[in-house]
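There's a structure below that I have some questions on.
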Amino acid sequence: MLDPKKLRADLNGIAEQLKKRGYTLDVETIQALEADRKAFQGKAQTLQAERNSRSKGIGKAKAQGEDIAPLLAEVESLKAQLEAAEQASESVQAKLEAIFSEVPNVPHATTPEGKGEEDNVEIKRWGEPKSYDFEVKDHVDLTEARGWYDNDAAVKIASSRFSVLKGPLAKLQRALTQFMLDTHGEHGYEEVYVPYIVNQDSLRGTGQLPKFEEDLYKLAKHEEHDTNDRDLYLIPTAEVPITNLVRDDILEADELPLKMVGHTPCFRSEAGSYGRDTRGLIRQHQFEKVEMVQIVHPEQSNEALEELTGHAEVILQKLELPYRLMALCTGDIGFSAAKTYDLEVWLPGQSTYREISSCSNFEDFQARRLMARFRAGKGKPQLVHTVNGSGLAVGRTLVAVLENYQNSDGTITIPEVLQPYMGGVKII
RNA sequence: GGAGACGUGGCCGAGAGGCUGAAGGCGCUCCCCUGCUAAGGGAGUAUAGGGUUUGUAGCUCUAUCGAGAGUUCGAAUCUCUCCGUCUCCGCCA
C-alpha cells in the first residue's frame with residue numbers, strides 16, 4: 001500500500017507516476033472522498049470528545065451524590081448524533097481503504113518505461129547457449145521415455161498441470177533444492193522452514209489480497225468441524241510466509257538487514273493462463289521454489305536488490321546455465337514492486353530464454369501493510385524495505401538442467417556442483 | 001476429542017463499571033551524587049490515526065488492555081463469538 005499521507009499531499013504527482021505503469025488513478029473520486037473523510041472524521045471525533053467529557057462529569061457528580069438524571073438526558077441526545085457521525089466516518093474510510101488497497105506501487109526511477117513484456121530491457125547475458133550436433137529434445141521427451149516423468153499419473157491422482165517425477169529425476173530436483181539452499185546459506189541467508197498454508201492477513205501483508213484472490217487456492221472449510229471464521233490459503237510463493245515473519249514487528253536497527261531463505265512448494269491456480277505452456281514442467285499448479293527475502297533499512301534496498309539478484313545469478317553460474325538479466329519495464333512489474341529484475345535461462349528445447357527468477361524491491365509498499373518497522377536509536381519506528389527473489393524456481397531449473405545437459409544418446413550429464421548431492425553420480 | 005485456567009505496555013505484574021492510557025517492579029535513556037567499583041537520589045520511557053503546521057518538531061483530539069461484536073451516559077473491568085496460551089485426560093507421526 002502506498003503512503004496515504006503522500007497520496008493526499010501529491011495526488012496528481014503520484015497519478016502521473018502510476019500512469020507509467022498503465023494505471024489510472026481516479027483522482028476526482030479520491031479527492032471527493034478525502035473531503036468527506038476530513039469532515040466526517042472530524043465531526044465524529046469532536047462528538048466523541050464531547051461524550052467522553054460529559055460521561056466523566058456524570059461519574060464525578062454521582063460520586064458526590066448529586067442527581068444525575070438531567071445530565072443523563074443531555075448525553076442521551078448526543079448518542080444518536082455520535083452514532084451517525086461514526087458510521088459516516090467509517091464508511092468513507094472503508095471506501096478510501098478499498099481504493100488505496102488496489103493502487104499499485106509507484107515504479108522506481110530506474111525502472112525503464114514501457115507498456116509490456118516487449119519493452120523490458122536486457123541488461124546482460126551470461127554464458128553461451130551450447131550448439132548441439134544432434135537434434136535436441138525438450139525435457140518432456142528426455143524424461144518421459146525413461147519413465148521418470150508421468151503426466152498421466154498426475155492427472156489421475158490430481159488434475160492437469162501437476163506432475164509425477166520418479167527415480168533420478170525426482171532425486172535431481174531434490175539435489176537442486178539442497179544445492180540452492182546451501183549456496184544461499186553461504187551468502188549469509190538464514191534458512192527457514194515455514195507453513196505452506198497462510199491466513200488472509202499474511203496475504204494482505206505481501207499484496208496478494210485483495211486483488212489477486214483468483215490466482216490462489218483457498219481451502220474449503222469443513223462444515224461441521226471448522227468453527228473459526230478464518231480463511232486459509234495455500235501459499236503461491238514462500239515470499240508470503242517468510243516476509244510475514246516480520247509482520248507487526250518493530251526490529252532494532254542493528255538487526256537489519258535480515259536475510260532469509262526458504263524452500264517450499266508453491267501453489268497457483270494459474271487462472272488466467274489456460275492453454276499457455278501446457279506441456280511439461282514450465283507452468284504447474286504445484287512447483288518447488290527456493291525464495292530469498294531481505295528485510296532492509298530503507299536506504300539499503302536498492303543495493304539489496306542488486307545483491308540479491310546477484311545471489312540468484314550465482315546459482316545459474318555454478319550450474320553453468322546460460323541466462324540473461326532483464327529489467328522489467330513499468331508496464332510489466334508486479335503490483336507491489338517498485339523495481340524488478342527477471343533472470344531468464346536458456347532452454348534449448350524451446351530455443352528461447354524463459355523466466356527462472358524474479359527479484360524485486362518493494363520498498364515500503366509491503367512493509368506498510370505488514371506494519372514491519374525498525375527503530376533507529378530513540379526515534380520513532382519507521383518502515384523497513386522488503387526485497388525478495390527466487391533463488392531459483394526449482395522446477396524450471398530442473399527443466400534447464402535437463403535440456404542444457406542432454407547428450408546425443410538421451411542421457412543427461414549431471415552438472416559438477418550437483419554431483420555431491422546425487423551421491424557422486426555423473427550421468428543419468 | 002473431553003475438562004479446567006488464562007490473555008494488561010519492552011518484560012513481570014496490579015486493576016473486577018467512572019478519579020485508569022493504565023499502580024508497582026524490572027529493564028532502558030538522561031541528570032545529580034560519589035577517588036574507582038558498588039550503592040543511592042531525580043526525571044523520562046507504547047502505538048496508530050485526525051486536526052493545526054513549511055514540518056516525521058510542538059500543541060491538541062480520537063482510538064487501542066488478544067481480535068471482533070454487544071450492554072451502558074461511560075467498559076481493561078459485564079455479555080457473546082472467534083483467535084491463542086497453559087494444565088490434566090484421550091488420541092497420534
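Here the structure is a predicted model, which is why all the values come from computation and not from measurement. Basis for what follows: all heavy atoms, side chains included, without hydrogens, waters or symmetry-related copies. Reminder, nothing fancy here: chain letters follow the sequence lines and each chain counts from 1.
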Would you compute the distance between atom CD of A:Gln208 and atom CG of A:Asp215 and round it to the nearest 0.5 angstrom?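 So the CD of A:Gln208 and the CG of A:Asp215 are separated by 9.5 Å.
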
For A:Pro107, does its backbone N or O pair with a side-chain atom of A:Thr111 as donor and acceptor, under 3.5 Å? no

Run the numbers on A:Val345 and A:Arg396 for side-chain contact (heavy atoms from CB on, under 4.5 Å), then give the verdict. CA-CA 9 Å; A:Val345 71; A:Arg396 288 190 181 179; 5.8 Å; no

From B:U47, B:C61, B:U72, pick the nucleotide closest to the side chain of A:Gln45?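 Out of B:U47, B:C61, B:U72, the nucleotide with an atom closest to A:Gln45's side chain is B:C61.
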
Separation of B:A63 C1' from A:Gln41 CD (nearest whole Å): 10 Å

Quick check for you: among B:G49, B:A48, B:C19, whose closest atom lies nearest to any side-chain atom of A:Met371?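 The nucleotide sitting nearest to the side chain is B:A48.
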
Start at the 5' end of RNA chain B and walk down; is the nucleotide closest to A:Lys38 or to A:Gly59 reached first? A:Gly59

Atom-pair distance (CD on A:Gln382; P on B:A46), nearest Å: 18 Å

Compile the donor-acceptor pairs under 3.5 Å between side chains in residues 78-87 of chain A and protein atoms, sequence neighbours left out, one pair per line.
unit_1	atom_1	unit_2	atom_2	d
A:Glu86	OE2	A:Gln48	NE2	2.8

Closest to the A:Pro381 side chain: B:A48, B:G21, B:U62?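 So the nucleotide nearest the side chain must be B:A48.
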
What nucleotide, of B:U72, B:G49, B:G18, holds the atom closest to the side chain of A:Ser55?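 For A:Ser55, the side-chain atoms sit closest to B:G18.
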
For the side chain of A:Lys380, counting heavy atoms from C-beta on, which of B:G50, B:G51, B:A48 is nearest? B:A48

4.5 Å side-chain heavy-atom contact, A:Ser357 and A:Asp342: no

Nearest-Å distance for atom pair CG/P, residues A:Leu82 and B:U62: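 Computing the A:Leu82:CG to B:U62:P distance gives 12 Å.
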
Regarding the side chain of A:Ala49, the nearest nucleotide among B:U47, B:U62, B:C73 is B:U62

When you measure from the side-chain N and O atoms of A:Asn52 to the phosphate of B:G74, is any distance below 4.0 Å, counting only OP1 and OP2?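 No.
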
Closest nucleotide among B:G50, B:C73, B:A63 to the A:Gln48 side chain: B:A63

Say we look at B:A22 and B:A63: how far apart would their P atoms be, to the nearest angstrom?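 My reading of the P atoms in B:A22 and B:A63 gives 14 Å.
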
Nearest whole Å is fine: how far is B:A63 P from A:Lys43 NZ? 17 Å

Once pairs are restricted to Watson-Crick or G-U wobble with both distances under 3.5 Å, how does RNA chain B read as a dot-bracket string, [ ] for crossings and | for other-strand pairs? ((((((((.[[[..)..(.....]]]((((((.......))))))(((((((.....))))))).[[[[[..)....]]]]])))))))....

Whole-Å distance between B:U29 C1' and A:Glu252 CD?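 So the two atoms are 13 Å apart, to the nearest Å.
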
Atom CD of A:Glu86 and atom C1' of B:G49 are separated, to the nearest Å, by 15 Å

May I have the distance from A:Arg375 (atom CZ) to B:G10 (atom P), rounded to whole angstrom?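 Value for this atom pair: 8 Å.
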
Go nucleotide by nucleotide along RNA chain B from the 5' end; which of A:Arg373 and A:Lys5 gets its closest nucleotide reached first?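 Its nearest nucleotide being more 5', the pick is A:Arg373.
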
Ring centers of A:Phe374, A:His297 separated by less than 6.0 Å: yes

Looking only at the side chain of A:Arg37 (C-beta and beyond, no hydrogens), which of the listed nucleotides B:G18, B:G50, B:U47 gets closest? B:G50

B:G66 C1' sits how many Å from A:Asp201 CG, rounded? 13 Å

Looking at A:Glu303 and A:Glu299, would you say the former's side chain and the latter's main chain have a donor-acceptor pair under 3.5 Å?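 Such a contact is absent between A:Glu303 side chain and A:Glu299 backbone.
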
For the aromatic rings, using the six-membered ring if either is Trp, is the centroid distance between A:Tyr233 and A:Tyr217 under 6.0 Å?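 Distance test on ring centres: not under 6.0 Å, no.
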
